Amino acid sequence: AAPEPVAEDGAPKPKRKGPAGRGFVSGREPGRVPAVLAAIEAQPDAEVRWRMRSAVLRRWGQFDPQRALHYAEGLPYSEGARLPSVASVVSGWYQADPAGAVEWLQRQPEGPMRFTAEQALLRSLGSDDPLLALDLLLAGPDGNPQRGTLFTEVFRELAARDPAEA
């Protein structure tokens with residue numbers, strides 16, 4: 001095996017990662033995110049484009065959720081890109097700032113974007129705090145077509161933690 005590269009001070013150099021491991025992912029270079037997303041959108045393979053976009057938007061949602069949401073909301077609805085992208089942003093936002101993500105969700109009008117964001121947030125929240133997820137689900141609008149599935153998932157998590165509480 002080749003020897004590990006070392007810095008001038010003798011310490012091992014960190015292994016270089018691909019583009020996803022560079023500055024914008026850590027939030028140190030948020031200005032690079034739009035250029036990275038533009039390169040992703042140029043990918044010919046729709047599945048690769050979807051996976052890469054989702055990962056970048058989830059991370060962007062952790063350190064700049066408003067700009068990430070603005071980008072996601074501008075994606076074409078007809079191509080099925082907008083709603084999953086909003087879900088990715090909300091998932092990332094929830095990881096970094098649960099209260100902010102919940103507050104944003106509660107201000108959204110009923111409709112497909114709110115329902116998609118609600119599903120993403122409640123799935124994350126359900127594993128962290130199923131009682132809060134249940135409260136949000138009960139307080140939210142009834143129109144979400146996935147409402148029954150979300151209740152089932154939250155109750156399943158509650159039962160796994162405390163069968164007497166469920």
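Worth saying up front: this structure is predicted, and the values here are computed from it rather than measured. As a basis for the values below, the full set of heavy atoms in this structure was taken, side chains included, without hydrogen atoms, waters or symmetry mates.
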Applying side chain to side chain contact (heavy atoms under 4.5 Å, CB included) between L57 and each of V89, L69, V33, V90, report the one that passes. V89

Can you tell me how far CG of D64 sits from CZ of R59, rounded to the nearest 0.5 angstrom? 11.0 Å

Gap separating the OG1 atom of T149 from the CG atom of N144, nearest 0.5 angstrom: 9.0 Å

Mind running side chain to side chain donor-acceptor pair (under 3.5 Å) on S127 and R123 for me, showing each step along the way? CA-CA 7 Å; S127 61; R123 286 193 170 114; over 6 Å; no

Residues 128-135, side-chain donor-acceptor partners within the protein, below 3.5 Å, at least two apart:
residue: D128; atom: OD2; partner: Y94; partner atom: OH; Å: 2.8
residue: D129; atom: OD1; partner: L131; partner atom: N; Å: 3.4
residue: D129; atom: OD1; partner: L132; partner atom: N; Å: 3.1

Tell me the closest heavy-atom pair linking P84 and A81, and the distance in Å. CD-O, 3.6 Å

So, the side chain of R114 versus the backbone of P109: is there a donor-acceptor pair under 3.5 Å, distance only? no

Looking just at side-chain N and O atoms, do R156 and T152 make a donor-acceptor pair shorter than 3.5 Å? no

Can you name the nearest heavy-atom pair linking E47 to D45, along with the distance? N-OD1, 2.8 Å

Test item: R58 side-chain N/O and G92 main-chain N/O as donor-acceptor pair under 3.5 Å: no

Is R161 atom CZ crowded by more than 12 heavy atoms from other residues, nucleotides or ligands, each under 6.0 Å away? yes

For Q146 and Q119, test the side chains for any donor-to-acceptor distance below 3.5 angstrom and give the result as yes or no. no

Which atom of E118 lies closest to which atom of G140, heavy atoms considered: OE2-CA, 4.3 Å

When you measure from the side chain of R82 to the backbone of L75, do you find a donor-acceptor pair of N or O atoms at a distance under 3.5 Å? yes

Rounded to the nearest 0.5 Å, how far does OG of S54 lie from CZ of R49? 13.5 Å

Please report the closest heavy-atom contact between G61 and A68, naming both atoms and the distance. N-CB, 3.9 Å

What's the spacing between Q66 CD and W60 CH2 if we round to 0.5 Å? 11.5 Å

Which heavy atom of E110 sits nearest a heavy atom of G143, and at what distance? OE2-CA, 3.3 Å

Assess whether side chain to side chain contact (heavy atoms under 4.5 Å, CB included) is satisfied between L136 and Q106, documenting all intermediate values. CA-CA 8 Å; L136 287 173; Q106 291 174 321; 3.1 Å; yes

Test your reading of the model: is there a side-chain donor-acceptor pair from R147 to the backbone of L137, 3.5 Å cut-off? yes

Search all heavy atoms of M113 against all heavy atoms of E73 and return the closest pair with its distance. CE-OE2, 3.3 Å

Stepwise side chain to side chain contact (heavy atoms under 4.5 Å, CB included) test for Q95 and S124: CA-CA 8 Å; Q95 290 174 351; S124 296; 5.9 Å; no

What ring pair (Phe, Tyr, Trp, His ring centres under 6.0 Å) pairs are there with at least one residue in residues 99-134, not counting sequence neighbours? W93-W104

Are any non-hydrogen side-chain atoms of V154 and L125 less than 4.5 angstrom apart? no

Listed once per pair and sorted, the salt bridge (charged side-chain N to carboxylate O under 4.0 Å, His left out) pairs that draw on residues 94-106, sequence neighbours left out: E103-R107

Kindly compute the distance separating CZ (F151) from CG (L122), expressed to the nearest 0.5 Å. 9.5 Å

Examine W50 and I40 and state if one hydrophobic cluster contains both, with Ile, Leu, Val, Met, Phe, Trp and Tyr joined whenever side-chain heavy atoms are less than 4.5 Å apart. no

